[in-house]
Amino acid sequence: MLVGITVSCSKQDRTSQTIEEIITSARDVVPRVLSVDAMLSDPYQLQTQSGYLLWIDGRKERVLTIYDIRQEKIVRQTINEGKGPLEVLPPIQLLTDRDEHTVGLLSRRTGQYTVYRLTDLIRDTLLYPVRSFHFAQGRDHCVKIGSDRYLSAFYFPDTVASAAVCDTAGKFMGWLNTFPEEIREIAAPTDRYASGQSSMAYLEKEKVLCVAYLAYLNRIQFFDMSEAEPKLIREYGVPGLAEKYINYSLQSYATDRFIYVLWMNNSDKERYVLKFDARGTTVDCIHVRKCNNFCVSSDDEKIYTVESDDNLEPVIVEYQL
């Protein structure tokens, strides 16, 4: 059980390189707007799975859209918004499991997490979830680590932990604390929660967890999760908390081989997708247009983003790597 974990740090693997220095070598890639055979209203939470793009549309009765990338058309809109059985209340986190070929929807309002087979969602037959449960602790966002555990983050008033460790039925197993010193020292739980919000991504084969802080703290961290206690192997950023709300990282994402972080330069509001290997070493940096969420194809060859066109209408954009 992971309870009261302290994080060890390997100094030789730390880096003094800032993210601002990394983006100086960013390269530009010509984007391509994908043809979508329906009106997009408010797409977010992009994911890829088996040749399909999936996203949540917060302004439609059916919240999950499945899009065939090769045919460039929507093949299904499914899962109703609501409080009934097999319905979901937004805001929603969308997760995919490439090994299981499943799609998970986490209601951040209720903590209900429901997993479906992708093939069942595409067929739009009578849906039966693979599993469905409530997280006993945490519901802000989650990430699966290994075959039997989830990390789930939320507002925890009685502990300085950054995430709860839960099993695949949502049962609480213990606490994980990957917070840096600046956040652990914040006494007020509400302030600690605000400053400690992050996006987590996990490299399953390498057992590496990436924590990218969303605001106040300009920091991206990489942890080796192969042992009983996580080990900080690399981090980027600068010390100290911003005095006001400032976005830094907007999202993290993992494929089978690499971790990606969508990062915003606050001096000009430009966005960059940073690509890291399993040791947290920078592999590539792509300059993308202004977007707030993205995903990457399983072969690491394409980035997909949600952006606005000249008429401020949402579009799905592809970047060839």
Side-chain angles (χ1 to χ4, degrees), residues 14-34 43-48 53 55 141 143 180 197-203 208-222 233-242 244-310 312 314-321:
R14 298 283 292 276
T15 177
S16 60
Q17 186 180 30
T18 66
I19 303 167
E20 287 82 357
E21 291 170 336
I22 294 173
I23 66 174
T24 59
S25 60
R27 59 191 182 94
D28 288 295
V29 178
V30 177
R32 183 177 77 92
V33 177
L34 297 183
Y44 68 99
Q45 287 288 312
L46 274 180
Q47 292 281 343
T48 59
L53 273 178
W55 63 79
H141 68 286
V143 62
Q197 290 187 83
S198 66
S199 176
M200 298 182 292
Y202 187 70
L203 271 183
V208 171
L209 175 71
C210 172
V211 181
Y213 289 90
L214 304 181
Y216 293 106
L217 185 64
N218 185 3
R219 196 77 54 83
I220 301 173
Q221 298 177 310
F222 296 86
I233 54 176
R234 191 176 293 269
E235 67 176 1
Y236 297 85
V238 294
L241 294 168
K244 59 181 180 180
Y245 187 94
I246 298 177
N247 280 120
Y248 291 109
S249 298
L250 301 174
Q251 182 194 346
S252 60
Y253 192 91
T255 61
D256 288 338
R257 298 177 56 211
F258 299 101
I259 289 175
Y260 300 80
V261 176
L262 177 61
W263 189 84
M264 182 167 71
N265 185 9
N266 282 284
S267 63
D268 57 14
K269 305 303 180 185
E270 292 297 312
R271 271 75 159 173
Y272 301 85
V273 174
L274 312 175
K275 181 179 181 181
F276 302 95
D277 65 15
R279 297 299 301 177
T281 304
T282 311
V283 175
D284 201 355
C285 181
I286 307 298
H287 180 213
V288 296
R289 301 189 304 188
K290 293 185 178 179
C291 60
N292 290 323
N293 58 90
F294 79 108
C295 66
V296 184
S297 61
S298 59
D299 58 8
D300 298 285
E301 292 186 356
K302 295 177 181 178
I303 294 173
Y304 298 97
T305 65
V306 177
E307 303 177 11
S308 297
D309 64 14
D310 294 337
L312 301 182
V315 292
I316 307 297
V317 178
E318 177 186 270
Y319 293 84
Q320 179 74 49
L321 298 180

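FYI, side chains are in, hydrogens and waters are out, and symmetry mates aren't considered; it's all heavy atoms of this structure.
Counting only distance, with no hydrogens or angles, the side chain of H141 and the backbone of S198 share a donor-acceptor pair below 3.5 Å. Using modelled atom types, no side-chain atom of N265 and backbone atom of D268 make a donor-acceptor pair closer than 3.5 Å. Without hydrogens or angle criteria, S199 side chain to S252 main chain gives a donor-acceptor distance under 3.5 Å. Side-chain atoms of T48 come within 3.5 Å of backbone N or O of V296 as a donor-acceptor pair.
For K269, the side-chain contact (heavy atoms from CB on, under 4.5 Å) partners are M264, N266, R271, K290, not counting sequence neighbours. Qualifying side-chain contact (heavy atoms from CB on, under 4.5 Å) partners for D309, counting only residues two or more places apart in sequence or in other chains: N311, E313, V315. In terms of the side chain to side chain donor-acceptor pair (under 3.5 Å) criterion, Q251 has no residue partners (sequence neighbours excluded).
In this structure, V33 and I316 have side chains that are not in contact, with every pair of non-hydrogen atoms separated by 4.5 Å or more. You'll find the side chain of V273 stays beyond 4.5 Å of the side chain of C285, heavy atoms only. Residues V208 and Y202 have side chains not in contact (no heavy-atom distance under 4.5 Å, counting atoms from C-beta outward). W55 has its side chain out of reach of N293: every pair of non-hydrogen atoms, C-beta onward, lies at least 4.5 Å apart. The shortest distance between side-chain heavy atoms of L34 and V317 does not fall below 4.5 Å. Here the side chains of I233 and R279 are in contact, with some heavy-atom distance below 4.5 Å. Looking at heavy atoms from C-beta onward, R219 lies in side-chain contact with E235 at the 4.5 angstrom threshold. Inter-residue side-chain proximity for D300 and Y260 is flagged as met; some heavy-atom pair is nearer than 4.5 Å.
Checked against the 6.0 Å centroid criterion, the rings of Y216 and Y245 qualify as a close aromatic pair.
Taking the six-membered ring where the residue is Trp, Y236 and F222 present perpendicular rings, their angle passing 60° and hence far from 30°. Using bins of under 30°, 30° to 60° and over 60° for the plane-to-plane angle, the ring pair W263/Y248 lands in the parallel bin.
The line from CD1 of I220 to CG of N218 is 7.5 Å long, rounded to the nearest 0.5 Å. Rounded to the nearest 0.5 angstrom, I23 CD1 and T18 OG1 are separated by 8.5 Å. Remark: L241 CG to Y213 OH distance equals 10.5 Å, nearest 0.5 Å. Here CG of L209 is found 9.5 Å from CG of L203. Values are rounded to the nearest 0.5 Å.
Heavy atoms only, all atoms of each residue included: T305 and Y319 are closest at OG1-CE1, 3.7 Å. Taking all atoms of both residues into account, the shortest heavy-atom contact from R234 to T281 is NH2-OG1, 3.8 Å. Scanning all heavy atoms of the two residues, the minimum distance from N292 to L262 falls at C-CD2, 3.6 Å. Closest approach of G237 to I19, counting heavy atoms only: N-CG1, 4.5 Å. Here the closest non-hydrogen pair linking I259 and A254 is CG1-CB, 4.2 Å. Nearest heavy-atom pair, P180 versus L217, reported as atom, atom and distance to 0.1 Å: CG-CD2, 3.5 Å.
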Set out, in order, the CA-CA distance, both residues' side-chain angles and the distance that settles salt bridge (charged side-chain N to carboxylate O under 4.0 Å, His left out) for D284 and R27, then state yes or no. CA-CA 8 Å; D284 201 355; R27 59 191 182 94; 2.8 Å; yes
Check the pair I286 / L321 against side-chain contact (heavy atoms from CB on, under 4.5 Å), numbers first and verdict last. CA-CA 9 Å; I286 307 298; L321 298 180; 3.7 Å; yes
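Judged by the 6.0 Å and 45° rule, K275 forms a cation-pi pair with F258.
When each of E307, E318, E270 is paired with R289, the salt bridge (charged side-chain N to carboxylate O under 4.0 Å, His left out) condition holds for E307 and for no other.
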